[in-house]
There are 2 protein chains.
Amino acid sequence: MSIAFGELGTKQVSDHQEKEQPRRRQARGERRIAQLLEAAASVFCTTGYTAASTNAIAREAGVSPGTLYQFFPNKEAIAIELGDRLMHEMRETYGEALATVDPATPLEEAVETAVDRFVDFNCRRPVFFALMHGPDTPGRIAEAHDALHATLVSRIETLLSGFLPDTPAADVNRIAHVCLGIYKAGLELVLAHEGAEREAYVRELKDVLLRYLAPLAHRTLTP
Amino acid sequence: MSIAFGELGTKQVSDHQEKEQPRRRQARGERRIAQLLEAAASVFCTTGYTAASTNAIAREAGVSPGTLYQFFPNKEAIAIELGDRLMHEMRETYGEALATVDPATPLEEAVETAVDRFVDFNCRRPVFFALMHGPDTPGRIAEAHDALHATLVSRIETLLSGFLPDTPAADVNRIAHVCLGIYKAGLELVLAHEGAEREAYVRELKDVLLRYLAPLAHRTLTP
DNA sequence: GGCAAACACGAGAGATCGCTCGCGTTTCTC
DNA sequence: GAGAAACGCGAGCGATCTCTCGTGTTTGCC
């Protein structure tokens with residue numbers, strides 16, 4: 001998962017013998033990359049992507065601008081690599097748990113665990129929210145965000161379709177989008193607070209979702 | 001350094017005896033201002049505040065950059081004037097209706113009319129949403145947004161306190177913030193769609209709020 | 001030790017943007 | 001009609017940002 005230094009989007013040249021593999025990283029280089037990504041996360045969090053200057057990221061990491069460009073071809077690549085690593089970390093931490101939607105699980109439990117897990121991840125990696133929901137994310141990150149968004153929507157749709165077997169697909173899709181919008185708004189409030197207040201907002205977010213979805217759940221409970 | 005209008009604190013060094021003697025505008029100038037603000041609204045909507053260049057605004061308005069600066073001291077002043085006019089328009093259209101919170105109104109009706117009015121205004125002036133909830137709004141606009149936000153929160157608080165007489169103020173405040181967050185997220189979804197689909201999302205937004213607040217309303221209905 | 005490649009530096013090229021300045025044109029006022 | 005002031009223009013200044021380049025240092029491998 002290291003950075004492909006090739007000019008354009010052609011990657012996946014890891015194992016096969018290829019003529020285009022110009023960079024052989026040393027341990028020092030890998031350390032610098034991690035250092036730079038950490039610095040970038042900090043700067044992106046405080047100023048956003050566009051306002052963050054590459055010189056500021058280099059300064060935060062304690063290296064020169066030239067060193068930064070030894071490892072990243074441009075500013076966008078920094079955000080992309082950071083986003084990729086965050087995505088990978090999220091999938092590794094919760095991927096399997098989120099992929100499996102057990103139809104037997106009650107709605108309340110599904111909402112509780114999903115919210116808990118996503119809130120937990122976003123609290124530990126605040127830059128994820130800043131990059132994903134930021135207004136000025138570069139094209140590649142926006143694509144990743146859209147992909148994640150679409151994945152979550154379809155996952156919610158399958159979850160909902162269990163409770164709404166005879167509802168038009170368009171309606172289910174709309175409800176899923178509303179759920180994601182609520183989650184996003186709630187997450188913003190949760191991240192804006194700390195300690196007990198944060199917990200209270202988490203509780204509130206769950207309540208909003210549960211009360212919104214309660215009429216749907218009751219349909220199956222009262223045949 | 002050589003900015004003619006000085007920094008934020010100091011204003012108008014030229015003649016301090018007069019209280020703000022602005023330029024005496026001609027009818028042509030007023031027309032140009034309206035033209036420039038309209039162009040700015042268009043550019044802000046599509047690119048956001050930071051990415052919008054003053055040259056692009058001037059080009060969109062069909063004038064030269066120098067002409068733009070005949071009427072606005074700097075880029076921020078354009079957004080401020082635009083924001084002020086939008087605020088004024090909003091207050092003139094719905095100000096009185098929103099200020100009065102009749103305790104006798106049922107919760108459902110209050111939510112319906114409030115959502116309808118705000119959605120209507122934001123659909124007619126999409127730049128309002130772009131400026132207010134944009135990530136990179138300049139200081140003065142952010143202040144105006146915070147002021148509006150605080151006003152709306154306290155208005156929701158007074159509305160809620162009628163239904164929750166014996167609830168800690170902190171809890172009421174939190175619920176009000178959640179309501180605003182829901183509204184904001186719903187508005188984003190509404191603005192992203194058109195026609196019948198937009199109407200459906202408006203209905204959904206109202207449902208989210210009503211179901212979230214329903215348990216509170218029932219407390220007074222079942223003493 | 002010796003060599004090539006990876007790493008590190010920082011000045012600055014190139015581009016963009018906010019904003020200015022000098023000068024010409026239109027409009028108001030008398 | 002004449003003078004003043006508002007309006008209009010657009011080249012370009014200064015600041016800032018991304019990214020490069022030439023050069024010097026460190027590391028891996030024989």
Side-chain angles (χ1 to χ4, degrees), chain A residues 2-5 7-8 19-37 39-40 43-44 47-81 136 138-140, chain B residues 1-8 13-15 18 21-37 39-40 43-44 47-81 136 138-140:
Chain A
S2 61
I3 301 163
F5 218 75
E7 294 284 303
L8 297 179
K19 51 181 73 174
E20 278 287 340
Q21 183 139 6
R23 221 37 167 213
R24 184 179 127 251
R25 302 250 94 104
Q26 301 178 351
R28 183 173 38 150
E30 297 289 350
R31 245 180 289 129
R32 276 272 179 270
I33 290 178
Q35 202 175 103
L36 283 164
L37 288 178
V43 178
F44 286 157
T47 68
Y49 173 77
T50 316
S53 82
T54 55
N55 286 10
I57 295 174
R59 200 182 320 119
E60 174 84 13
V63 302
S64 83
T67 298
L68 185 149
Y69 283 93
Q70 192 98 33
F71 302 101
F72 299 98
N74 51 52
K75 180 180 170 181
E76 183 176 353
I78 304 174
I80 290 174
E81 178 66 22
D136 47 9
R140 180 73 168 64
Chain B
M1 310 300 180
S2 62
I3 299 172
F5 287 81
E7 299 256 22
L8 288 173
V13 259
S14 47
D15 44 358
E18 203 72 37
Q21 171 137 358
R23 193 84 62 103
R24 175 178 155 262
R25 308 246 88 108
Q26 303 177 351
R28 183 174 36 151
E30 298 289 351
R31 246 181 288 129
R32 276 272 178 270
I33 290 179
Q35 201 174 104
L36 284 164
L37 287 178
V43 178
F44 286 158
T47 68
Y49 173 78
T50 317
S53 80
T54 56
N55 286 12
I57 295 174
R59 199 181 322 116
E60 174 85 14
V63 302
S64 81
T67 298
L68 185 150
Y69 283 93
Q70 192 98 34
F71 302 101
F72 299 98
N74 51 52
K75 181 179 170 182
E76 183 178 352
I78 304 173
I80 289 173
E81 179 66 22
D136 47 8
R140 179 75 168 63

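Below, chains carry the letters A, B, ... as their sequence lines are ordered, and counting in each starts from 1.
- Distances shorter than 4.0 Å separate some side-chain N or O of B:Thr54 from OP1 or OP2 on C:dG18.
- Residues B:Thr50 and A:Asp136 have side chains not in contact (no heavy-atom distance under 4.5 Å, counting atoms from C-beta outward).
- Residues A:Pro138 and A:Ala79 share a closest heavy-atom pair of CG-CB, 4.3 Å.
- To the nearest angstrom, C1' of C:dT16 lies 12 Å from NZ of B:Lys75.
- Closest approach of A:Glu76 to A:Tyr49, counting heavy atoms only: CA-OH, 3.1 Å.
- Proximity note for B:Arg25 (side chain, C-beta onward) versus D:dC7, C:dC7, D:dT20: the nearest is D:dC7.
- For the pair A:Asn74 CG and D:dC19 P, the computed distance is 5 Å after rounding to whole Å.
- Note that CG of A:Leu36 is 11.0 Å distant from OG1 of A:Thr54, once rounded to the nearest 0.5 Å.
- In this model, the phosphate group of C:dA8 is not approached by any side-chain N or O of A:Ser64 to a distance below 4.0 Å at OP1 or OP2.
- Whole-Å rounding puts the B:Arg59 CZ to D:dG10 C1' distance at 13 Å.
- Residue contacts shown for A:Ala56 are absent, as no nucleic acid heavy atom lies under 4.0 Å away.
- When the side-chain nitrogen and oxygen atoms of A:Arg28 are compared with OP1 and OP2 of C:dA6, none of them lie within a distance under 4.0 Å.
- Contact between the side-chain N/O atoms of B:Tyr69 and the OP1/OP2 oxygens of C:dT20 is not found at any separation under 4.0 Å.
- One can place CZ of A:Arg32 at 22 Å from P of C:dA5, the figure rounded to the nearest angstrom.
- B:Ala77 comes within contact range of no nucleotide atom at all, as no heavy-atom separation falls under 4.0 Å.
- The interatomic distance linking B:Arg24 (CZ) with D:dC7 (C1') rounds to 12 Å, in whole Å.
- When distances run from any side-chain atom of B:Ser53 to the nucleotides C:dT20, C:dA8, C:dC17, the shortest one goes to C:dC17.
- Atom CZ in A:Phe72 sits about 12 Å away from atom P in C:dA8, given to the nearest Å.
- At a threshold of 4.0 angstrom between heavy atoms, the contacts of B:Gly29 are confined to the sugar-phosphate backbone, with no base atom among them.
- Computed from coordinates, the A:Phe71 CZ to C:dC7 P distance equals 5 Å when rounded to whole Å.
- The CG-P distance, from A:Leu68 to C:dG10, rounds to 14 Å in whole Å.
- Between B:Gln26 and B:Ala51, the one whose closest nucleotide on DNA chain C sits nearer the 5' end is B:Ala51.
- Contact between B:Ala40 and B:Ile78 at its shortest, heavy atoms only, is CB-CG2, 3.6 Å.
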